[in-house]
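Written out below as structure tokens is the structure these notes cover.
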2 protein chains.
Amino acid sequence: MTTETLAGVSVTTRANVYFDGKCVSHTLAFPDGTKKSVGVILPATLTFNTGAPEIMECVGGSCEYKLAGTSEWKKSGVGEKFSVPGNTSFEIRVTEPYHYICHFG
Amino acid sequence: MTTETLAGVSVTTRANVYFDGKCVSHTLAFPDGTKKSVGVILPATLTFNTGAPEIMECVGGSCEYKLAGTSEWKKSGVGEKFSVPGNTSFEIRVTEPYHYICHFG
């Protein structure tokens, strides 16, 4: 099971482009004020810094990730989620496009 | 003036990835059943084929485009739109990320 659509949202039309386009996302605002983003990471190994805590939900493809301070790469595939604490970083390694929903807070 | 947000939509969470990621978009469905997409084209020169007619609205950056059967490159910047007939093609030339809304039909 995965989340194929998110309804009743307001989309920021301008994309967020990171790492020369290896990661592209669009920001979504919900009626209750919460924000999420939907995006894709193309084949690459990237390091992301978090502000707020994040939950990354895979909706297509897969990735491997490694949280700061850990030494183990873990896999996350369709329908799976992983949590990243706030104010830290994580590495992500992608060999096929990894489609995700990023839940904040 | 540009369209910064689109409200009350249902977003398909999986991205559309074209040309090895040189173009990434997300599909939006409106309550009346119409669909649009929001996307970004990274620096490249690409040829797109249309099914339905499209209106491309620039919401960030700029592009140059050339419709099939014409010889003139035209520029489209923020707040500007161009129309492409159905069942044809157009070339697009981008030197800075071109953020767009694609209106169909």
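First the proteins, then the strands, lettered A, B, ... as listed; each starts at 1.
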Inset, instruction - Classify the side-chain pair A:Thr3/A:Glu57 by whether it contains a donor and acceptor separated by less than 3.5 Å. - result: yes
Inset, instruction - Let me know if A:Leu6 has heavy atoms under 4.5 Å from chain B in its side chain, its backbone, both or neither. - result: both
Inset, instruction - Using a cut-off of under 4.5 Å on heavy-atom pairs, state which of B:Gly21, B:Ala7, B:Ser25 scores highest against chain A. - result: B:Ala7
Legend entry - Side chain, backbone, both or neither of B:Val11 within contact of chain A (heavy atoms, under 4.5 Å): both
Inset, instruction - For residues A:Val40 and A:Tyr100, report the shortest heavy-atom separation together with the two atoms involved. - result: N-CE2, 3.6 Å
Legend entry - Proximity breakdown for A:Val59 and chain B, heavy-atom pairs closer than 4.5 Å: both
Inset, instruction - Just say parallel, tilted or perpendicular for the rings of A:Phe82 and A:Tyr65, cut-offs at 30° and 60°. - result: parallel
Legend entry - Pairs of heavy atoms under 4.5 Å with chain A: top-ranked of B:Gly8, B:Gly61, B:Ser10: B:Ser10
Legend entry - Ring centers of A:Phe48, A:Phe19 separated by less than 6.0 Å: yes
Legend entry - When A:Val38, A:Thr13, A:Thr5 are compared by non-hydrogen pairs under 4.5 Å with chain B, the top option: A:Thr13
Inset, instruction - For B:Glu91 and B:Thr45, test the side chains for any donor-to-acceptor distance below 3.5 angstrom and give the result as yes or no. - result: no
Inset, instruction - Please check if atom NZ in B:Lys35 has more than 12 non-hydrogen atoms from other residues, nucleotides or ligands closer than 6.0 Å. - result: no
Inset, instruction - Heavy-atom pairs under 4.5 Å with chain B are the metric here; pick the option from A:Val9, A:Ile101, A:Leu28, A:Asp20 that has the most. - result: A:Val9
